[in-house]
Amino acid sequence: MVFLLVSLTVLHLVTLAMLLIATLDKSWWIWADTEITDLWYSCFHDNATDTWLCATTTESDWLQSVQALMVLSVVFSSISLLIFLGQLFTMSRGSLFYFTGLCQAFAGFTDFAACLIFAFHRKEILSDSRDLSKGRFGYCFILAWLCVPLLLVSGILYVHLHKKQ
């Protein structure tokens, strides 16, 4: 039981870290090795100064939806962790972690929705006249997709987890 509890907590912390990286780091769409776009900025690498020069992305309704859903996913996962820690010390024996699992599942569903919106509406989100076939998804987008099953599995595990002495 202790091993399950520790491994579930580690899984939760890993998925939360992955969500934070996917939400805040640069690289949802890569145009070239020197130009990238994320949820907040469009950046290009200046070889003369060896720095990244960034400007805020062009706002669109789809982009704001993805931004809101990713932030909501981080919030749900953080709340889930805090609730889990609170329930761990205050719940009676034999109780289930329903609310923790529900929050974690909501985090997975909001992350899933954000990834789908970005995948299907990237032309409107990127609002660029360039051909999208010359770009590719970045590692933050892939991290966000990897979080979906991890969040849902941990949510299901929380629901089935009983508090033992």
Side-chain angles (χ1 to χ4, degrees), residues 5-86 100-101 103-158:
L5 191 63
V6 169
S7 60
L8 191 56
T9 305
V10 168
L11 175 65
H12 195 135
L13 291 172
V14 166
T15 56
L16 184 58
M18 288 170 58
L19 271 176
L20 282 169
I21 291 168
T23 304
L24 299 176
D25 207 7
K26 313 178 197 72
S27 188
W28 273 66
W29 187 261
I30 300 171
W31 290 105
D33 289 336
T34 59
E35 189 173 359
I36 55 176
T37 301
D38 67 5
L39 298 180
W40 315 100
Y41 297 103
S42 291
C43 302
F44 70 93
H45 189 263
D46 183 15
N47 287 329
T49 60
D50 197 33
T51 59
W52 286 94
L53 303 174
C54 300
T56 57
T57 56
T58 306
E59 292 294 323
S60 73
D61 292 337
W62 292 116
L63 176 63
Q64 288 178 348
S65 297
V66 173
Q67 289 171 338
L69 287 167
M70 287 303 295
V71 168
L72 197 58
S73 181
V74 170
V75 168
F76 273 132
S77 188
S78 300
I79 288 172
S80 176
L81 182 64
L82 293 175
I83 290 172
F84 171 68
L85 293 174
T100 302
C103 284
Q104 194 72 344
F106 279 155
F109 290 134
T110 55
D111 184 29
F112 179 67
C115 290
L116 280 180
I117 290 171
F118 190 85
F120 290 125
H121 295 283
R122 63 184 178 271
K123 185 170 179 69
E124 294 91 355
I125 290 172
L126 297 171
S127 65
D128 204 305
S129 59
R130 290 182 279 188
D131 185 18
L132 289 178
S133 66
K134 293 185 173 146
R136 64 187 188 278
F137 291 107
Y139 76 91
C140 288
F141 178 77
I142 295 166
L143 266 181
W145 268 115
L146 288 174
C147 284
V148 172
L150 294 176
L151 288 166
L152 294 176
V153 164
S154 65
I156 291 168
L157 288 175
Y158 275 126

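Since the structure is predicted, the reported quantities are computational estimates derived from the model, not experimental observations.
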*Asks:* Is the CZ atom of Phe137 crowded by more than 12 outside heavy atoms at less than 6.0 Å?
*Replies:* yes
*Asks:* Excluding sequence neighbours, so at least two apart, what forms side-chain hydrogen bond (donor to acceptor under 3.5 Å, both in side chains) with Thr49?
*Replies:* Asp46, Thr51
*Asks:* Mind checking the CD1-CH2 spacing from Ile125 to Trp62? Nearest 0.5 Å is all I need.
*Replies:* 8.0 Å
*Asks:* Per the disulfide (SG to SG under 2.5 Å) rule, what does the pair list look like for residues 14-75, sequence neighbours excluded?
*Replies:* Cys43-Cys54
*Asks:* Give me the atom names and distance for the closest heavy-atom approach of Thr57 to Tyr41.
*Replies:* CG2-C, 3.3 Å
*Asks:* Quick one: CD1 on Ile79 to CZ on Phe106, what's the gap to the nearest 0.5 Å?
*Replies:* 11.5 Å
*Asks:* Can you name the nearest heavy-atom pair linking Leu19 to Ser77, along with the distance?
*Replies:* CD1-CB, 4.0 Å
*Asks:* Would one find more than 12 heavy atoms of other residues, nucleotides or ligands at under 6.0 Å from atom CZ of Phe84?
*Replies:* yes
*Asks:* Would you say the ring centroid of Phe44 lies under 6.0 angstrom from that of Trp52?
*Replies:* no
*Asks:* Just to verify, what does Phe112 make a ring pair (Phe, Tyr, Trp, His ring centres under 6.0 Å) with, not counting sequence neighbours?
*Replies:* Trp145
*Asks:* Give the C-alpha distance, both sets of side-chain angles, the deciding distance and a yes or no for side chain to side chain contact (heavy atoms under 4.5 Å, CB included) between Leu151 and His12.
*Replies:* CA-CA 8 Å; Leu151 288 166; His12 195 135; over 6 Å; no
*Asks:* How long is the span from the CH2 atom in Trp28 to the OG atom in Ser42, to the nearest 0.5 Å?
*Replies:* 14.0 Å
*Asks:* Between Cys103 and Phe76, what is the shortest heavy-atom contact and its length?
*Replies:* O-CB, 3.6 Å
*Asks:* At their closest point, which heavy atom of Ala144 faces which heavy atom of Asp111, and how far apart are they?
*Replies:* O-OD2, 2.6 Å
*Asks:* Measure the CE-CG distance between Met18 and Leu150 for me, rounded to the nearest 0.5 Å.
*Replies:* 5.5 Å
*Asks:* Under the side chain to side chain contact (heavy atoms under 4.5 Å, CB included) test against Gln104, which residue among Val153, Thr15, Leu152 passes?
*Replies:* Thr15
*Asks:* Would Asp38 and Cys140 count as a side chain to side chain contact (heavy atoms under 4.5 Å, CB included) here? Give the steps.
*Replies:* CA-CA 8 Å; Asp38 67 5; Cys140 288; over 6 Å; no
*Asks:* To the closest 0.5 Å, what do you measure between OG (Ser154) and CG (Leu16)?
*Replies:* 10.5 Å
*Asks:* Minimum heavy-atom separation for Leu143 to Ala22, with atom names?
*Replies:* CB-CB, 4.1 Å
*Asks:* Counting only pairs under 3.5 Å, give me each side-chain donor-acceptor contact of residues 63-70, with atom names and distances, residues two or more places apart or in other chains.
*Replies:*
{"unit_1": "Gln64", "atom_1": "NE2", "unit_2": "Glu59", "atom_2": "OE1", "d": "3.1"}
{"unit_1": "Ser65", "atom_1": "OG", "unit_2": "Asp61", "atom_2": "O", "d": "3.0"}
{"unit_1": "Gln67", "atom_1": "NE2", "unit_2": "Leu39", "atom_2": "O", "d": "2.5"}

*Asks:* If I take atom OG1 from residue Thr9 and atom CG from residue Leu5, how far apart are they, to the nearest 0.5 angstrom?
*Replies:* 5.0 Å
*Asks:* For Ile30, enumerate each residue passing the side chain to side chain contact (heavy atoms under 4.5 Å, CB included) test, keeping only those at least two apart in sequence or located in another chain.
*Replies:* Ser27, Ile36, Arg136
*Asks:* Answer whether the closest heavy-atom distance between the side chains of His45 and Asp50 falls below 4.5 Å.
*Replies:* yes
*Asks:* Please enumerate all residues that pass side-chain hydrogen bond (donor to acceptor under 3.5 Å, both in side chains) together with Thr23, with sequence neighbours excluded.
*Replies:* none
